[in-house]
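To find a chain, count down the sequence lines: A is the first, B the second, and so on, and within it residues start at 1.
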Amino acid sequence: MEAGSGYNSVPPSTSFDKSRVLDVKPLRSLKPVFPSASEIPPFVCGPPNGPFPSGFTPFYPFSVSQGSPMQMPMGPVPTPLRAFRSTQSPESSRAFDGDDGMDGNADGYFDGQKRGAPLRGSSSSQRKTPKNRDTKPSLSYAARKASVTVFVGDISQVDRDDGNREVVNRVLMRFDALRRRLSQMEDAKELSNGIIKRADLKAGNLLMSKGIRTNMRRKIGAVSGVEIGDIFFFRIELCVVGLHAPSMSGIDYLIVRDALDQEPVAVSIVSSAEYGDVEDGDILIYSGQGGNFGKRDKQATDQKLERGNLALERSFQRGNEIRVVRGIKDVANPASKVYVYDGLYKIQESWTERKSGCNIFKYKFVRMPGQPVAFAAWKSIQKWKEGFSSRVGLILPDLTSGAENIPVSLVNDVDGEKGPAHFTYFPSLKYSKSFDLTQPSFGCNCRNACQPGDPDCSCIRKNEGDFPYTSNGVLVGRKPLIHECGPTCPCFPNCKNRVSQSGLKVHLEVFKTTDRGWGLRSWDPIRTGTFICEYAGIVIDKGKGKQGGEEVENDEYVFDTTRVYNSFKWNYEPALLEEESSNDSEEEYKIPSPLIISAKNLGNVARFMNHSCSPNVFWQPVLYEHNNQSFLHIAFFAIRHIPPMTELTYDYGTAHSDEAEGSSALNRKKKCLCGSSNCHGYFG
DNA sequence: GAAATCTCACGTGC
DNA sequence: CGCACGTGAGATTT
């Protein structure tokens, strides 16, 4: 998961990644580097040479030797570039830029890298205007043009150039938090400077202009910190993590220069099924760009062998690896797409076809063997859903027996156990005794659906004037308490402020894990902030005292808001929008009223969610009126985008030490098997 | 000649 | 359905 975690400071000179980059063997020859020249396919758009003969060596533009097929090989290393760039003083950047001993050994170089070198602009301009002692790194042209104040945030120069898992996650979290906030403002039309039409672009652009991005150093092959199977919901997300630089175009390429010549080489593509691309498992037939196909008011023309098309052609000849991102229709949101990073492919064939009387380029991409499944898994899930093939190990198609509006599968494909111990499925909370009527509550007066930004809606006012969810039902931010509309509100059941009370939205599966009993995961991709389920069960009355306490202590299926939980940051940073920070820090939320729920005998899917020290789900108290009684609910939301079939986990927290009477609390602690790099070892 | 600036192509997401 | 948008490469200007 967190492999390669963070160089936050200057890495040692033996550092792997930078070496690769620095140790660029200039491409002296434009011919592919194959063991035998006789095996080089001729430069024609012809049939491929099929499976490569044994002894075929993958072509690595950066390398001298061949490492494992999935990894860029690493050679002996000169001092990393970083060492010269780690300080941001003009002197050091000049040293880097001017020292031709460094990159001057290259009579050719990757233009992309040079361009990606963030200090290039400032160091060169400093040469011209030495008075400019601005130590801020130079950013994009657009950023400079708009004279945006450069705010470096907590992304170091090193992380900006080359990412790792942690940095990629952090950048994506910050992107989505900002995006949700901008969507919220857009929904409420509270933006004075005109309406934001594209919150995704706005958020992405803002982050990138402030240097909150990673993997700016463009390269062929894997991108550090982005894993096969990772999912994205916006094209601009691919830009901020450096997986695919163009915000629109489907083909990303570098210009590879030689002393005599230069040519484009493809590094990544984004395939959208609607573009006429044929997709099946490990094969992808990709169409070239240009030609105005499928555009309403434009005449189709021949595609030209230039730009992306030329890059693909050259990549076909070179046999270099190309990252493939597959765009798939989002089941939860059919108007938009999910982008799945499907790993490295090579082009095996290239040809032209006729379409509407014009030429169109076609490329056959074949997936490199030995990579974890990603897109292929989506295909399987699709087949399960359509009933064409059944899920292996399926025990029950719906363990809720219709109690939820979406079936929940029960699956065991690891051993012979036929299901979890008996319990009664119930989708919500049960209070053992009736609630006091001391706090009568009143709903809003909205007639059909509460409108974001409506100052008259009392439910919105209870949320400090902010509608808690975006228009597509995603939670905007964590709060001590979210107020949803309830039965006393006259608004429709489909009011957007009823997200957590309207039941499951993703197809969940209770499955047998290899070492942690039963667990919960989803067939559908889940985007950050999506409601997953609530914690159902019987509310334990703490007033029962000792008896109740013992009851809770022997209960593995208990949820308790009063435990100690790791703090974490999920909300947007007000400073990015030049807003004042609110007083209550997200890290120190106080739970409004204690709530203990037992799901031992009665509960829903939430009782199967396991603990993790690096969870992908968090819980959030939600309140809505229920027959004039205040009922608190615990709703679970996705911390980040969760690819299908990824186990859903949350932080179980730990018991208060002062509650540890004798060794009982200690005994209750369980060895944690979450496997994350920051695992605390025990939980409970 | 090189750097700064402009223009164009590329679809997406609402 | 039509609008507005960011990026990188190449063209053009300074």
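C:dA9 atom C1' lies 16 Å from atom CD of A:Glu263, rounded to whole Å. The distance from atom CG of A:Asp200 to atom C1' of B:dC14 is 9 Å, rounded to the nearest whole Å. Remark: P of B:dG13 and CZ of A:Phe232 are 13 Å apart, rounded to the nearest angstrom. Whole-Å rounding puts the A:Glu186 CD to C:dA4 P distance at 14 Å. If you take CZ of A:Phe234 and P of C:dT7, they are 16 Å apart, rounded to a whole angstrom. The distance between atom OH of A:Tyr286 and atom P of B:dC10, rounded to the nearest whole Å, is 11 Å. Remark: C1' of B:dC10 and CG of A:Leu201 are 13 Å apart, rounded to the nearest angstrom. One can place NZ of A:Lys337 at 11 Å from P of B:dG11, the figure rounded to the nearest angstrom.
Nearest nucleotide to the A:Asn205 side chain, out of C:dG6, B:dC14, C:dG8: C:dG6. Taking the side chain of A:Arg235 as heavy atoms from C-beta on, and the options B:dC10, C:dA9, B:dG13, the nearest nucleotide is B:dG13. The nucleotide whose nearest atom lies closest to any side-chain atom of A:Met248 is, among B:dG11, C:dG8, C:dT7, B:dG11. When distances run from any side-chain atom of A:Tyr339 to the nucleotides C:dT7, B:dG13, B:dC10, the shortest one goes to B:dG13.
Ring geometry for A:Trp523 against A:His507 counts as parallel: the plane angle stays under 30°, on a 0 to 90° scale with 60° as the upper cut.
A:Arg180 has its side chain within reach of A:Val474: a pair of non-hydrogen atoms, C-beta onward, lies under 4.5 Å apart.
Between the side chains of A:Asn359 and A:Arg354, at least one donor N or O sits under 3.5 Å from an acceptor N or O.
Checked options A:Lys210, A:Arg170, A:Arg174; the residue passing with A:Glu573 is A:Arg174 (criterion: salt bridge (charged side-chain N to carboxylate O under 4.0 Å, His left out)).
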